[in-house]
Amino acid sequence: MNQISPRDTYTTGNSTDVARYARCIESSKRVRWDITDDVFQGRDFDTDQKYLPDGITKADQFTTLSDGEKRYLSQIQGRTYANMFGLAERFVNAKILEISRDHFLGDQTKLEALVRFSDEEIKHQEMFRQIERRIGDKMAPGYQFLADPNDVAREVLGKCTWSVLALTCMIELFTQSHYRESIDRDDNLSPLFKDVFRFHWMEESQHAILDELEWERENDKLSVAGRDMAVDNLIALAVFIDGVLQTQSKSDVAFFGKTCGRSLTQDEVEALETGVLKAYRWQFIFSGVEHPQFCKILGGMITEEQGGRIGAVLAQI
């Protein structure tokens, strides 16, 4: 795991660099894509294919499952993956709209960059809703996504802006790790899901830059005590997200057990619950906190003691 390397004194980096906001606008215009014409292109999901690659599902852990069962489990994980991103982008968009107010009567380049960010997040939510419907049409009834996006958003947005931007930056960065995992040479991986990764990554790459800029700007406002409280808020968010993952992983394993076509032993159920939770924790927590850029940014804002507190909680997860 990459280690956060804190320094006691934070210095403003490029938080006022308007050129970086402008480059994000240029990139947004250049890579702009459409859900129907570019992502789906008249295609649908094929149940003979994996929806997520082994590097994301951690399929090598499921040693008692056949190849077909691993494929089916990847499809369940793919459905939850889409729902988790739709959930995350609900609170991300709300926070971006909120902080854009700081630029209403200020630099209009910064405002345009954040407005484009928000517009793209709304589009991403719709893409993931369509994925949920399409997969749901092909899957046996009984699947449940248990977290309500609005309830989760209220919980997340109840924390300070610094911690929400930290979580948001982490999410935008781990989409890039997931894209790299999705382009492996696997003939059984759904080409449509590969494109979902690709198109999502194309816009989230700009979002990660904007997250960093706005997070740095928010960091500059905080007192020493305020930043310490913000670290506690970030820890609370990590614990909260992990609770969502624990609940959903149990639900997904139960659904798999009911619909996979055979009876699972108790040992298999326990191994699956452990393995799926580990996969979800990697997908939505550790692929972000271990991202080198996230470690660099966060490490530049916090003290060694604060980094130790974060690390202690992550070690328990």
Side-chain angles (χ1 to χ4, degrees), residues 2-18 20-21 88-107 110-111 113-114 117-118 121 151-174 207-244 284-285 288-317:
N2 286 302
Q3 297 296 313
I4 297 168
S5 300
R7 59 175 185 261
D8 291 329
T9 304
Y10 175 73
T11 56
T12 303
N14 295 314
S15 60
T16 58
D17 187 355
V18 179
R20 295 186 72 194
Y21 288 86
E89 287 171 341
R90 185 72 56 88
F91 64 75
V92 168
N93 186 53
K95 179 54 69 174
I96 293 302
L97 287 171
E98 177 189 312
I99 63 176
S100 70
R101 293 177 62 87
D102 292 349
H103 304 297
F104 279 3
L105 303 180
D107 192 291
K110 295 179 180 180
L111 178 60
L114 294 182
F117 186 155
S118 173
E121 290 292 286
D151 289 344
V152 170
R154 291 186 188 98
E155 180 69 26
V156 172
L157 296 171
K159 300 296 187 289
C160 70
T161 294
W162 186 95
S163 65
V164 178
L165 288 174
L167 177 61
T168 300
C169 186
M170 184 189 80
I171 291 169
E172 312 287 13
L173 287 170
F174 71 51
H207 297 181
I209 296 169
L210 294 171
D211 290 332
E212 178 180 344
L213 290 166
E214 289 296 312
W215 187 15
E216 288 176 341
R217 188 173 68 87
E218 181 65 22
N219 187 68
D220 289 344
K221 300 177 185 178
L222 295 181
S223 64
V224 172
R227 191 172 298 107
D228 198 59
M229 182 198 73
V231 168
D232 286 340
N233 276 202
L234 180 58
I235 290 170
L237 286 175
V239 172
F240 173 71
I241 295 299
D242 187 58
V244 172
F284 297 105
I285 298 177
V289 298
E290 294 177 357
H291 193 286
Q293 185 65 8
F294 183 78
C295 293
K296 177 182 177 182
I297 300 166
L298 180 60
M301 296 179 178
I302 62 174
T303 66
E304 183 175 356
E305 187 275 334
Q306 290 165 343
R309 275 160 41 203
I310 295 172
V313 172
L314 292 176
Q316 292 178 9
I317 293 176

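Position 1 is the first residue of the sequence; numbering continues from there.
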Pairwise side-chain contact, Ile96 with Asp211, heavy-atom cut-off 4.5 Å (strictly under): yes

Within-4.5 Å side-chain heavy-atom neighbours: Val92 and Leu167: no

Spacing of Lys95 atom NZ and Thr161 atom OG1 [to the nearest 0.5 Å]: 3.0 Å

Residues Asp151 and Arg154 bridged, charged N to O under 4.0 Å: yes

Derivation of the side chain to side chain contact (heavy atoms under 4.5 Å, CB included) call for Asp228 and Leu222: CA-CA 9 Å; Asp228 198 59; Leu222 295 181; over 6 Å; no

Main-chain N/O of Cys160 paired to Asn233 side chain as donor or acceptor, under 3.5 Å: yes

pair Val231-Trp162: side-chain heavy atoms closer than 4.5 Å: yes

Val156/Arg90 under side chain to side chain contact (heavy atoms under 4.5 Å, CB included): CA gap, chis, key distance, verdict: CA-CA 10 Å; Val156 172; Arg90 185 72 56 88; over 6 Å; no

Pairwise distance NE2(His207) to CG(Leu173) - rounded to 0.5 angstrom: 12.5 Å

Value rounded to 0.5 Å, distance of SG in Cys169 from CG in Leu213: 9.5 Å

Rounded distance [0.5 Å steps], CZ in Phe117 versus CD1 in Ile209: 11.0 Å

Shortest non-hydrogen contact between Phe294 and Met170, atoms and distance: CE1-CB, 3.7 Å

Donor-acceptor contact below 3.5 Å, side chain Gln306 vs main chain Thr303: yes

Shortest non-hydrogen contact from Leu157 toward Phe91: CD2-O, 3.8 Å

Non-hydrogen side-chain atoms of Ile285 and Phe174 separated by less than 4.5 Å: no

Gap separating the CG atom of Asp107 from the CG atom of Asp102, nearest 0.5 angstrom: 12.5 Å

Chi angles and distances behind the side chain to side chain contact (heavy atoms under 4.5 Å, CB included) call for Leu298, Trp215: CA-CA 10 Å; Leu298 180 60; Trp215 187 15; 3.9 Å; yes

Validation row: His103, Leu114 side chains within 4.5 angstrom (heavy atoms): yes

Rounded distance (nearest 0.5 Å) linking atom CG of Asn219 with atom CE of Met301: 4.5 Å

Short side-chain to backbone donor-acceptor contact, Arg227 and Ile302, under 3.5 Å: no

Heavy-atom side-chain proximity of Glu218 to Glu214 below 4.5 angstrom: no

Exam field: side chain Ser163 to backbone Lys159, donor-acceptor pair closer than 3.5 Å: no

For Cys295 against Val289, the heavy-atom pair lying closest together: SG-O, 3.2 Å

Verdict with reasoning, Glu212 to Arg20, per side chain to side chain contact (heavy atoms under 4.5 Å, CB included): CA-CA 11 Å; Glu212 178 180 344; Arg20 295 186 72 194; 3.9 Å; yes

Beyond-backbone contact of Ile171 with Glu89, side-chain heavy atoms, under 4.5 angstrom: no

